[in-house]
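Structure first, commentary second.
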Amino acid sequence: MLDLAFVRENLELVKQKMEERGFPALLADFESLDRERRRLLVEAESRKARRNKVSDEIARLKKEKQDASGLIAEMKQVAREIQELDEKAKASDEGLRELLANLPNLPHASVPVGKTSADNREARRWGEPRKFDFEPKAHWDLGPALGILDFERAAKIAGARFAVYRGLGARLERALSNFMLDVHTREHGYTEMLPPFMVNSAALYGTGQLPKFSGDLFKLEGHDLWLIPTAEVPVTNLYRDEVLEAERLPVKYCAWTACFRSEAGSYGKDTRGIIRQHQFQKVELVKFSLPEKSYEELESLTRDAETILQRLGLPYRVVELCTADLGFSSAKTYDLEVWLPSAGEYKEISSCSNCEGFQARRANLRFRRGKSGKTEFLHTLNGSGLAVGRTWLAIIENYQQADGSVTVPETLRPYLDGLERIQPA
RNA sequence: GGAGGGAUGGGUGAGUGGUUGAAACCGGCGGUCUUGAAAACCGUUUCCCGCGAAAGUGGGACGGGGGUUCGAAUCCCUCUCCCUCCGCCA
């Protein structure tokens, strides 16, 4: 959420930035709503001031055993007026809050202005896509042939967009998860967290999934509980309504969780394989930062995620998302895209964002400088480090051999009892 | 799932209709004393939203929401969370 006072004072700038993001009409009613809300507040509050004064007077009269019935009758009328004005003020306040809650974050000045993902800016590349002397297969062919991936039985027990990992397939998923967690906790200074995989709606509001994107989520019937679409939601909300000491910042957490996404509206997209699933596992990185340090932290978080791809020897590129491609809560995002031989292109495997104070205002995440300083909103960052399922398929495809077997990257062997190759069972 | 108890400021915890935004204690901050520190003593110490150029000023907040009343931390309803006991359970 943007700061109300900031929007009021910089309305034209905010309108322009929204236009750059592709949402030109969002602020049409802002001025009238804001003015109406303040007008009603002033009217209601002046009557409340009178009520407070007269109530004291009534108390005094009663104590002195004098008649107060005239004043009480007058106050009955005032109470009715207050109720009416309060209802109107509440309505316009809710209207304003709804408008603000549906407003995406402002892009950082360094974000390229663009209209589609084609306007994203490539920042750097790492590694060379391998030259195959045979026709590389897709993971949805390799996996079932190796007996490590089963789509048919997954469809039987759950439906489309689910997979069952079997034997070394399951083992590889676990090895990757452990490898990622080990690197981030041992080498990058993140503290491992294991949060709930379900959260309430307040948490989803805090990170910006609600109210706008409920359709992307799975909700539990009869409960105010939703399956998390990413560990960003539970972890970022850990300190909701708390005030942290500035010396504690940056706080760096990583968390392995399952993630659940409805993928409504993605029919016909990535239908084959495990690229787009209703459930996938991810190691997420979350940081709470001082505002003036958050862009440094974004760079280091992105490099922390890149480390995993480098250690696994997977070629990738880093893309700076343009204004039109930015997520709702993000002010700046780097996507990491891994090379997929079957697609012949780079495919998103991580998304690293600085949300600045956007989530902090929604979730009331604050910090204090020194002992007597005022509280300020901190900055939140998050990024995948990495999406485990997509890393799994990137390894299967990039390390495949002509005979359909898969070489295990050196780094991963200690996590698989020294296994060098995955072959048909 | 059943029965009961609870939620007050940074913390503990008083307060059961009218100067209670809130006692007291602890903590924090400032000061006195001291070579320094501790102790002791004195003072100070919540947040949000308006109006105002400012000084200042008004409103709101005692888990959330609603109600009763001229007036609610205090009475009623409802929701959430926590605790104890019983049942069930990995």
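Sequence lines set the chain letters: A, B, ... in the order given, protein chains first and strands last, and positions in each chain run from 1.
The CD-P distance, from A:E81 to B:rC70, rounds to 15 Å in whole Å. Nucleotide B:rC48 holds its P atom 16 Å from the CG atom of A:D93, rounded to whole Å. If you measure from atom CZ of A:F377 to atom P of B:rC47, you get 13 Å, rounded to the nearest angstrom. In this structure, A:D86 places its CG atom 17 Å from P of B:rC49, rounding to the nearest Å. Going from atom NZ of A:K62 over to atom C1' of B:rG17 covers 11 Å, rounded to whole Å. Atom CD1 in A:I58 sits about 7 Å away from atom C1' in B:rG71, given to the nearest Å. Atom-to-atom, CG of A:D34 to P of B:rC49 comes out at 13 Å; the value is rounded to the nearest Å. Rounded to an integer number of Å, the gap from A:L61 CG to B:rG18 P is 16 Å.
B:rC41 sits 14 Å from B:rU34 when the C1' atoms are compared, rounded to a whole Å. Comparing B:rC42 with B:rC48, their C1' atoms are spaced 32 Å from each other, to the whole Å. Nucleotides B:rG4 and B:rC89 are separated by 24 Å at their P atoms, to the nearest Å. For the C1' atom pair drawn from B:rA53 and B:rA39, the interatomic distance equals 50 Å after rounding to whole Å. Spacing between B:rG9 and B:rG5 at atom P, rounded to whole Å, works out to 23 Å. B:rA23 and B:rA14 have their C1' atoms separated by 6 Å, given to the nearest Å. For the P atoms, the distance from B:rU74 to B:rG15 is 15 Å, rounded to whole Å. With both ends at atom C1', the span from B:rU57 to B:rG18 equals 24 Å, rounded to whole Å.
Considering every non-hydrogen atom in both A:T230 and A:C259, the closest pair reads CA-SG, 3.7 Å.
Checked by atom type and distance alone, the side chain of A:N200 pairs as donor or acceptor with a backbone atom of A:A203 at under 3.5 Å.
Paired with A:T380 under the rule side chain to side chain donor-acceptor pair (under 3.5 Å), one option of A:E356, A:E297, A:Q359 passes, and it is A:Q359.
Residue-level contact check: A:L96 touches neither bases nor backbone, having no heavy atom under 4.0 Å from any strand. A:L41 comes within 4.0 angstrom of the backbone, heavy atoms only, and of no base. Contact annotation for A:R37: backbone-only contact, meaning every heavy-atom pair under 4.0 Å involves sugar-phosphate atoms and none involves a base.
Residues passing the side chain to side chain donor-acceptor pair (under 3.5 Å) test with A:R21: none are found, sequence neighbours excluded. A:H278 is linked by a ring-ring contact (aromatic ring centres under 6.0 Å, His included) to A:F162, A:F218, counting only residues two or more places apart in sequence or in another chain. The ring-ring contact (aromatic ring centres under 6.0 Å, His included) search around A:Y316 returns A:W126, not counting sequence neighbours. In this structure, the ring-ring contact (aromatic ring centres under 6.0 Å, His included) partners of A:H184, at least two apart in sequence or on a different chain, are A:H188, A:Y190. The ring-ring contact (aromatic ring centres under 6.0 Å, His included) check on A:F288 picks up A:Y239, with sequence neighbours excluded.
Residue A:K212 qualifies as enclosed at atom NZ: its count of foreign heavy atoms under 6.0 Å is above 12.
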Using atom names, set out every protein N or O paired with an N or O of nucleotides 51-54 of chain B below 3.5 Å, distance rounded to 0.1 Å.
unit_1, atom_1, unit_2, atom_2, d
B:rC51, OP1, A:R38, NH1, 3.2

Which pairs, protein N/O on one side and nucleotides 77-82 of chain B N/O on the other, fall under 3.5 Å?
none

Contacts under 3.5 angstrom, residues 148-159 of chain A side chains, donor-acceptor by atom type, not counting sequence neighbours:
unit_1, atom_1, unit_2, atom_2, d
A:D150, OD1, A:E152, N, 3.1
A:D150, OD1, A:R153, N, 3.0
A:D150, OD2, A:R153, NH1, 2.7

*Map every base of RNA chain B to its dot-bracket character, where paired means a Watson-Crick or G-U wobble contact with both distances under 3.5 Å and | marks a partner outside the strand.*
((((((((.[[[..)..(.....]]]((((((.......))))))((((((....)))))).[[[[[..)....]]]]])))))))....
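Between A:H379 and A:Y295, the gap from one ring centroid to the other reaches at least 6.0 Å. Taking the six-membered ring wherever Trp is involved, the centroid distance between the rings of A:W226 and A:F260 does not fall below 6.0 Å.
Identified under the ring-ring contact (aromatic ring centres under 6.0 Å, His included) test for residues 4-46 of chain A, with sequence neighbours left out: none. Residue pairs meeting the salt bridge (Lys or Arg N to Asp or Glu O under 4.0 Å) criterion with at least one partner in residues 23-38 of chain A, sequence neighbours excluded, are A:R8-A:D34, A:D34-A:R38, A:E36-A:R39, A:R37-A:D93.
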_Derivation of the side-chain hydrogen bond (donor to acceptor under 3.5 Å, both in side chains) call for A:D216 and A:S262_ = CA-CA 5 Å; A:D216 298 343; A:S262 79; 4.9 Å; no
_Per-nucleotide protein contact string for nucleotides 55-67 of chain B, where B marks a base within reach and S marks sugar-phosphate only (heavy atoms under 4.0 Å, - for neither)_ = ---BSS-----SS
